[in-house]
Amino acid sequence: MASKYSISRRSFLKAVGAGSAAVAAAGVLTACGGSSSSTAPSAASTAAPATTELAAEQVLNLIYTDLALIDVNDVRNSNEFEVLTAVQEGLFRTFTDENGVDVVENAGCESYDVSDDGLTYTFHLREGMVWSDDQPVTAQNYVDSWLRLVNPDLAFSYAFLAYGIVGAEDYCENGGKLEDVAVELVDDLTFKVTLTTPDPAFIKKVGMVCFYPVRKDLIDAAEAAGGNWTNDYTLHVYNGPFYISDRVLENNMTLKKNEKYWNADEVTLTQINLRVVDETSTQAQLMESQQIDVLKLTDFEYVDRWQNKVADGTFQYFGKDEPSVNYLVLNQHTEDGATGGPSGVMLNPKCRKAIALAFDREEFNAMFKEGLVTTAYGVIPYGITVGEQEFRAANPEPYADEDTSSDTIKALFEEGMAEAGVAGTASDVTLTVISYGATTEKTSQLEWFKQQLEGNLGVKVQIDTYPDSSTFVAARNAQQYDFYLQGWNGDYNDPMTFFELWVTGNGYAKFMGGYSNPEYDEMIEKAGASQDDAERMELFGKAEKLLLDEGGLVPLYYDNSQIYVQGYVSGLSMPMFGSDFEFSRVKILAH
């Protein structure tokens, strides 16, 4: 007999244990794709609200990074996840309980069935859901979305998450037929999908924003009229707790309560104001003057400064452990004539590994993160599990015991130079680092990278800072870099959410430096198909060692965000995966 599930109010994912800190400096994919773990505040971290009386005005004020897109299938970055989770509704919605543990509740999905062989999932949608234009939310909207996600002409970055569906990868990558993709409409409120092999992480994946329903009729109309479906909010309709009512690009966005939302009675906020504020010092001033209500710190000097505000209940403090790694992307691209960056050495694994070993991670932590993050000598953050076992407990970090003496890494680098056909010594090589937005924090970090590489490895470093994200992206896509800083937040609780990024041809591979190794690809493919946790753990451990032994990336630190919330804000969830924040049950208390 097939199993039936309704996951309302049950614990779905566990909060991770050790973590590290907030976003990185240069890459626009920082904190990409997903979000973070959360830990409930201890008694010392936050004071109990002085009242439960609601304020007359139910408005939440936040800072954000402006969105490059609002197309759910094309979602990439944490800021997009945050807004799209607020204005759209998928199969499930994630909250955190009083202990900070993720609780996934049925949202668009009322229940689902799984066949005895674990291959077929049948989803039963909630009756009576409508879009903001009064059209019903139907199973066809989900079928259209999932088939659109794997459309090869659209090349969506998260398409690979659907590759476990029969026919999906063949259609997206190999010229297969759309009709062979096993996503099928059953009736107006029911659709089913069939997998190639059982996938214990499948439900975790399909709760993500990229699997949310879409209105194909509106997409087709917008494209026919030459409209910007990707980022023009006026072309979209919404089925979530809020909708986008106003927007000024690179400045602000307003979300208002969606009275047509199926669970509108549980939504107390009437409006969310989002504004772009780049400088950390300005963000802090706005928090202190109650002009913003939630702040995720990237400048940790305020942790000490605000202790008294936490003690007296002005602020609530949350230490938020995140399944996130921040790292340097190294240019290894060879497609379309690319040669691995301006320096000429990045295609050699010995040169890359020498660069990776040239950084004093503990110093970075102390200088820029007040020692509040966890230094990273591997790829997988603490707390990520394979089955019931933590990955890091079973696999020591590969870079933890490497010889990082200057003589050793210089010799390794120059050996790689010779193999790459680059004459001279390390001092004859110039590495180019790119970034955008010359904030004080970014500038200081870039100068630190320069000092570390020049002092410990002997190379020269050129810093190219671009005025905005669009010019940065153009330079990145034109391969005008040797390295840049970026972060990745896991999408679901499994090492695969990290390791698949460096698989050849993955949708995100172009943002990860273009690392490619058939041996690595084979290990990850086997781990993805295995139902044996011990075998998966062994394969993942070997894959991490290979990836770092070849200098596929330069891990720096695992995240732990320091989040401050005004004392009058109640009901804010901070899920481990998905959006950084869940706003639909927030209440503003009288103050």
Side-chain angles (χ1 to χ4, degrees), residues 24 26-30 32 68 76 152-157 159-160 172-174 327-356 358 379 413-424 426 428-436 446 449 453 457 459-466 469-488 499-521 524 546-555:
V28 294
L29 293 182
T30 299
C32 201
R76 304 168 196 173
D153 296 330
L154 299 175
F156 292 132
S157 295
F160 69 92
C172 194
E173 300 286 351
N174 305 315
Y327 51 92
L328 298 180
V329 173
L330 304 182
N331 192 339
Q332 302 152 70
H333 287 285
T334 57
E335 67 279 2
D336 300 325
T339 57
S343 69
V345 302
M346 284 301 194
L347 296 184
N348 184 272
K350 292 179 180 177
C351 289
R352 297 194 302 265
K353 184 175 181 181
I355 291 169
V379 179
F413 187 83
E414 290 176 352
E415 185 180 339
M417 287 176 59
E419 292 177 359
V422 177
D428 297 310
V429 173
T430 298
L431 301 177
T432 300
V433 55
I434 62 173
S435 180
Y436 73 95
L446 293 171
F449 295 143
L453 288 170
L457 191 56
V459 297
K460 298 180 182 69
V461 175
Q462 175 178 317
I463 299 173
D464 290 345
T465 301
Y466 293 88
S469 62
S470 61
T471 53
F472 169 87
V473 167
R476 182 198 66 195
N477 292 349
Q479 311 301 332
Q480 296 173 6
Y481 73 94
D482 287 300
F483 68 95
Y484 61 84
L485 181 58
Q486 180 168 283
W488 181 265
F499 285 130
E500 62 193 351
L501 300 173
W502 288 275
V503 170
T504 304
N506 176 277
Y508 274 99
K510 59 186 175 183
F511 307 125
M512 301 299 153
Y515 174 82
S516 179
N517 184 322
E519 184 182 358
Y520 177 87
D521 296 346
I524 300 305
L546 175 62
L547 179 62
L548 292 188
D549 195 50
E550 294 195 323
L553 70 154
V554 182

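- Checked against the 6.0 Å centroid criterion, the rings of Tyr327 and Trp488 do not qualify as a close aromatic pair.
- Taking both residues in full, the closest heavy atoms of Gln479 and Ala338 are given as CG-CB, 4.1 Å, listed atom of the first, atom of the second, then distance.
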Side chain to side chain contact (heavy atoms under 4.5 Å, CB included) between Lys460 and Val429, worked out: CA-CA 6 Å; Lys460 298 180 182 69; Val429 173; over 6 Å; no

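- Side-chain contact between Glu519 and Glu550 is absent, with no heavy-atom pair separated by less than 4.5 Å.
- In terms of heavy atoms, Leu446 sits closest to Ser435 at CD1-CB, 3.5 Å.
- Between Leu546 and Tyr520, the shortest heavy-atom distance links the atoms CD2-N, 3.7 Å.
- At a threshold of 4.5 Å between non-hydrogen side-chain atoms, the residues Asp482 and Val433 do not count as touching.
- The distance from atom CE of Met512 to atom CG of Asn506, rounded to the nearest 0.5 Å, is 8.0 Å.
- Annotation: the span from Glu419 atom CD to Cys351 atom SG amounts to 8.0 Å, rounded to 0.5 Å.
- Looking at heavy atoms from C-beta onward, Met346 lies in side-chain contact with Leu431 at the 4.5 angstrom threshold.
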Residue pair Glu500, Phe160: steps toward the side chain to side chain contact (heavy atoms under 4.5 Å, CB included) verdict: CA-CA 9 Å; Glu500 62 193 351; Phe160 69 92; 3.0 Å; yes

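- By the 4.5 Å heavy-atom criterion applied to side chains, Leu548 and Pro555 are counted as neighbours.
- Within the 4.5 Å cutoff, no side-chain heavy atoms of Pro152 are placed close to those of Glu173.
- Between Trp502 and Asp521, every side-chain heavy-atom pair lies at or beyond the 4.5 Å cut-off.
- A distance of 8.5 Å separates OH in Tyr508 from CG in Leu501, rounded to the nearest 0.5 Å.
- Contact between Lys350 and Gly416 at its shortest, heavy atoms only, is CB-CA, 3.9 Å.
- Considering every non-hydrogen atom in both Leu485 and Phe449, the closest pair reads CD2-CZ, 4.0 Å.
- No side-chain heavy atom of Val329 sits under 4.5 Å from any side-chain heavy atom of Phe511.
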Evaluation steps, side chain to side chain contact (heavy atoms under 4.5 Å, CB included), between Thr334 and Thr339: CA-CA 5 Å; Thr334 57; Thr339 57; over 6 Å; no

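- With hydrogens and angles disregarded, a donor-acceptor distance shorter than 3.5 Å links the side chain of Arg352 to the backbone of Leu347.
- Judged purely by atom type and a 3.5 angstrom limit, Arg76 has no side-chain atom pairing as donor or acceptor with the backbone of Ser157.
- Judged by distance alone, with hydrogens and angles left aside, the side-chain atoms of Asp464 form no donor-acceptor pair with the main-chain N or O of Tyr466 at under 3.5 Å.
- Tyr515 is not listed as a side-chain neighbour of Leu330, based on a closest heavy-atom distance of 4.5 Å or more.
- Looking only at distances, a side-chain donor or acceptor of Asn331 sits under 3.5 Å from a matching main-chain atom of Tyr481.
- Between the side chain of Gln462 and the backbone N or O of Thr432, no donor-acceptor pair lies under 3.5 Å.
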Trace of the side chain to side chain contact (heavy atoms under 4.5 Å, CB included) decision for Val554 with Phe483: CA-CA 9 Å; Val554 182; Phe483 68 95; over 6 Å; no

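- A pairwise comparison of heavy atoms in Thr504 and Ser516 identifies OG1-OG, 2.6 Å as the closest pair.
- Side chain of Gln486 to main chain of Leu328: no donor-acceptor pair is present (N/O by atom type, distance under 3.5 Å, no hydrogens or angles).
- Using modelled atom types, one side-chain atom of His333 and one backbone atom of Lys510 make a donor-acceptor pair closer than 3.5 Å.
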